[in-house]
Structure formats: C-alpha cells, structure tokens
Amino acid sequence: MVAATLKEALDGLQNSFVITDENVFRFWGAEIGDLPVHVVAAGERSKSLTVYDGCLQWLASQRATRSSTVVALGGGVIGDLAGFVAATYMRGIGLLQIPTSLLAMVDSSVGGKVGLDLEAGKNLVGAFFPPDHVALCMETLATLPVREFNNGAAEVWKYGAIMDEALFETLEARPLGPGDERLPEIVVRSVDLKRQVVEDDEFETSGRRASLNFGHTVGHALEVVTGYGPLLHGEAVSIGMVVEAAIGERLQMTDGGTSQRIARGLASQHLPVRVPGVDLATVVDAMRLDKKATAGNLALALLDGFGSSRLVSDVPESVVLECLRENL
Ligand SMILES: NC(=O)c1ccc[n+]([C@@H]2O[C@H](COP(=O)([O-])OP(=O)(O)OC[C@H]3O[C@@H](n4cnc5c(N)ncnc54)[C@H](O)[C@@H]3O)[C@@H](O)[C@H]2O)c1
Ligand SMILES: [Zn+2]
C-alpha cells in the first residue's frame, strides 16, 4: 500500500513496537509519536545475534504479547532484523514493514525472507515470514543518501531487464531520481514484478525465483572478493548484470548488444559498470562456492531475450572467465 506520509502509516497503531536504526530515527523519529521505539546502530553489523537478542529483551521488557505488532522502520537491514524478531518472538507476532530505502521498498520487503548474518557468512539464519502489511512512504526517500538511492535503483533496472522491457525503456528515457514524480508507479511496478515471481515459487523450490538472481552470481562474487567494502550490493550487481548479459551473448542466448545497452543505462544511473584490478581467477573461485554451481560448470540466471530470463545450470567456466576479462 502506498501511504502519503509516514505519519499516516503510523497513525492509530496500537500495541505496536517500532524497531529502527539511528539514521532513520534522526530524520524521521519525530513522526513516531508515542509509540515505543528501539533504535539500533545503522549498517549490516546490526543483523547479528547480539542485536537480535537486544530487540527480544526490549520487547519482553515492554511486555509485548502474541497480539502485538513489530514495526520494521528502515532499510533492508532493519527489515531483515526486525522481521526475524517478529517471526520468532513468542513463535511469531504481527509485522508491519515500512521500508525507507529504495532497495528495501523494491526488494527486501517483498518475498517474506527475514534473517541475520553470522560471522561465517551473510543471511545464514532466517525464516520465511511474510509481513501482515507493507506501507510504502515515498517521502522517506528524500533523506536517503544519493549513493544508497542508486544502489536500490540497480534492482529496478534488473526487473526491467529480466521481466519488463517497457520498464527498462522508461528508465532509459530518464534514470530514476529521488524526487522523481514517477517513483510511486515505478516502485509499485517493481514490487508487483518481484511478487509475481515469489508467488510462483514461494519457498524456492521450482527455480523460478532464481531468475531474480540476474547479475547476482558475479555480483556476489565481487562483493566477497572486494571484502564487502568498496562496492554496495546494488553496485556489485550492476557490474554483474553487464558481465552476465555478455555471457548470455557469448552463449547465443541473449541478443548481441544487450550488455552494452545495459551498461549504458546503469552508467546513466551513476552505477559502476566495471571494477578494474580484481583478480579474475579469485572471482571465478568465489562464484564456484555459489550454492547453484556444479563441478566445472556455473549456474547463472541469464537473459533469453530482453525482458525474459531463466536459470542456466551448465555455463562453462572458460566462458565466464573470458567475459570477466573483457568486461571488468
Ligand atoms: N530479505 C530479502 O529478501 C532481502 C533482499 C535484498 C536485500 N536484503 C538485505 O537488505 C540489506 C540491505 O538493505 P539496504 O540497502 O536498505 O541497507 P540498510 O538498511 O543498511 O540501509 C542503507 C543505509 O541507508 C540508511 N537509511 C535507510 N533509510 C534511510 C532514509 N530514509 N533516510 C536516511 N538514511 C536512510 C541506513 O541507515 C543505512 O545507513 C542487506 O542486509 C541485505 O542482505 C534482504
Ligand atoms: Zn540484490
């Protein structure tokens, strides 16, 4: 649901407990009114067992009950953390997601995955726990740093490439901006596209959900190889989409020129499309650790035409290496 303002989304809530981060609280705390609120540090490190424990203890101290609702007010980190809190406190209570980053609006708040990281890796603990409601408050994007905005926009370009060429063309005509009058429509369209895929494959059993991974196999590997520092997720996926489109072209699945077209679009959104200086063999090694890979071959979601994609499970490593060499 698109709510005009955050105040409107929070208005009249009872027996509800807000979990947010310090950045969102700084900008939007005044709108929370009298609702009890627990503020955690901003950033991925809050998706930890320690911070999770703090949230549960806080709910208990507030005497939250089985009929209470957790309000996850923040980006994807808060959505995953507070969502997992709601999924597990008293075996599951109410959950209202109010995503405040573009990435959380178009991606992490859709599909019901919630969870935490362990030292051993990201998202290793979690649950499928769809929220009772998602409130989309576009006004919150006004305070999102531009780099974070573009990071989320990468996923919107992805939906265009894999499912909706018309959406891609809309973005090609003019990249998305924070004050863009097209935002509500484009966010709702993105949510619908992800929802279509997720509803087809709620528990990731049919492979359909894997099509959302376009750009992500290379992207994740780049995040790992660069140590989760210099590249934000959407930035790594941006580079990944260019490389994976090139792989599709090499396998004659994807039309010639697609990779260039995608690179042009993403660059206009101020997203990186290359990352010089990474060791290619290390990237392939990291891709091999992807759970979809089999010996000697890699599994990738590739474009079979513009606006359509499918999982290909036998991509030769030699092809991947060549395309990395030509595109990174
Ligand atoms: N559950 C899923 O299906 C799913 C899907 C994709 C990503 N994720 C997860 O989402 C997380 C990334 O989400 P993210 O990119 O939103 O990161 P994030 O939550 O860390 O937010 C990015 C930064 O923007 C700040 N911020 C958020 N909203 C703001 C606002 N309105 N004004 C000012 N600052 C604001 C945050 O404090 C943070 O510093 C990762 O942990 C990832 O694993 C989950
Ligand atoms: Zn992603």
Side-chain angles (χ1 to χ4, degrees), residues 5-6 19-29 31 39-48 51 72-84 86-87 95 97-118 121-131 134 136-159 161-162 178 183 190-191 194-195 197-198 202 204 209-220 222-223 228 231-241 244 271 301:
T5 64
L6 180 56
I19 297 178
T20 190
D21 78 19
E22 57 198 5
N23 290 336
V24 176
F25 186 73
R26 178 154 36 90
F27 290 112
W28 298 98
E31 313 294 298
V39 182
V40 306
E44 185 72 26
R45 291 180 66 84
S46 280
K47 273 172 61 173
S48 70
V51 175
L73 176 65
V77 164
I78 291 297
D80 282 9
L81 166 73
F84 191 61
L95 175 61
Q97 292 267 18
I98 309 184
T100 63
S101 71
L102 183 56
L103 183 120
M105 287 185 188
V106 301
D107 192 353
S108 58
S109 66
V110 191
K113 283 196 208 173
V114 295
L116 308 172
D117 303 332
L118 298 180
K122 282 189 59 165
N123 299 319
L124 289 183
V125 179
F128 285 103
F129 193 72
V134 180
L136 297 170
C137 305
M138 299 298 155
E139 65 168 357
T140 59
L141 296 178
T143 58
L144 187 67
V146 173
R147 187 174 172 200
E148 294 291 348
F149 182 89
N150 291 332
N151 178 52
E155 302 283 355
V156 181
W157 285 86
K158 181 195 75 179
Y159 294 129
I162 64 172
L183 259 175
S190 300
V191 168
K194 177 161 179 187
R195 194 170 286 146
V197 176
V198 168
E202 195 178 352
E204 292 192 311
R209 203 154 163 160
S211 69
L212 293 171
N213 273 334
F214 175 60
H216 280 65
T217 310
V218 169
H220 278 153
L222 292 174
E223 285 184 279
Y228 287 102
L231 292 172
L232 296 177
H233 172 75
E235 295 171 342
V237 168
S238 169
I239 300 161
M241 286 192 274
E244 292 183 16
L271 284 160

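Each residue takes its place number in the sequence, starting with 1. These numbers were taken from a predicted model, which means no experiment stands behind them. Below, each value reflects all heavy atoms present in this structure, side chains not excepted, and no hydrogens, waters or symmetry copies. Note that ligands are numbered from 1 as they come in the structure, with each ligand's atoms numbered from 1 the same way.
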Among all protein heavy atoms in this structure, tell me which lies nearest to [atom], with the distance rounded to 0.1 Å.
atom: atom 41 (O) of ligand 1; value: E44 OE1, 2.6 Å
atom: atom 12 (C) of ligand 1; value: L103 CD2, 3.8 Å
atom: atom 43 (O) of ligand 1; value: K47 NZ, 3.0 Å
atom: atom 30 (C) of ligand 1; value: T143 OG1, 3.5 Å
atom: atom 37 (O) of ligand 1; value: D21 OD2, 2.7 Å
atom: atom 16 (O) of ligand 1; value: S101 OG, 2.6 Å
atom: atom 35 (C) of ligand 1; value: L144 CD1, 3.7 Å
atom: atom 21 (O) of ligand 1; value: G75 CA, 4.3 Å

Using the side-chain contact (heavy atoms from CB on, under 4.5 Å) criterion, which residues pair with [X]? Sequence neighbours excluded.
X: K194; result: D107, V110, Y159, V198, L212
X: E148; result: L144, P145, N151, L232
X: V77; result: E44, S46, K47

Polar contacts were defined as any N/O atom of the residue lying under 3.5 Å from an N/O atom of the ligand; does this apply to [X] and ligand 1?
X: G76; answer: yes
X: L141; answer: no
X: D107; answer: no

>> Take a 6.0 Å sphere around CZ of R147 and say whether it holds more than 12 heavy atoms from other residues, nucleotides or ligands.
In response: yes
Under 3.5 Å, is there a donor-acceptor pair between the [X] and [Y] side chains?
X: E244; Y: H216; result: no
X: N23; Y: R26; result: yes
X: W28; Y: T140; result: no

> Mind checking whether S48 and D117 have side chains closer than 4.5 Å, heavy atoms only?
Replying inline: no
> Which heavy atom in S108 sits nearest to a heavy atom in D80, and how many Å separate them?
Replying inline: CB-OD1, 4.4 Å
> Rounded to the nearest 0.5 Å, how far does CE of M138 lie from CG of L6?
Replying inline: 12.5 Å
Is ligand 1 under 4.0 Å from a heavy atom in the side chain of [X], in the backbone, in both, or in neither?
X: D80; answer: side chain
X: N123; answer: side chain
X: E22; answer: neither
X: V77; answer: both

>> Show me which atoms of ligand 1 lie under 4.0 Å from any heavy atom of T100.
In response: 27 (C), 28 (N), 29 (C), 30 (C), 31 (N)
>> Need the ligand 1 atom indices (1-based, order shown) with element for anything under 4.0 Å from a heavy-atom of F27.
In response: 33 (C)
Could you tell me whether a side-chain N or O of [X] sits under 3.5 Å from a main-chain N or O of [Y], the two making a donor and an acceptor?
X: D21; Y: V40; value: no
X: E22; Y: A42; value: yes
X: S109; Y: Q97; value: no
X: T20; Y: V39; value: no

> If you leave out waters, which protein N, O or S atoms are less than 2.8 Å from the Zn ion (ligand 2)?
Replying inline: E155 OE2, H216 NE2, H233 NE2
> Within less than 4.0 angstrom of ligand 1, does K122 place any heavy atom?
Replying inline: yes
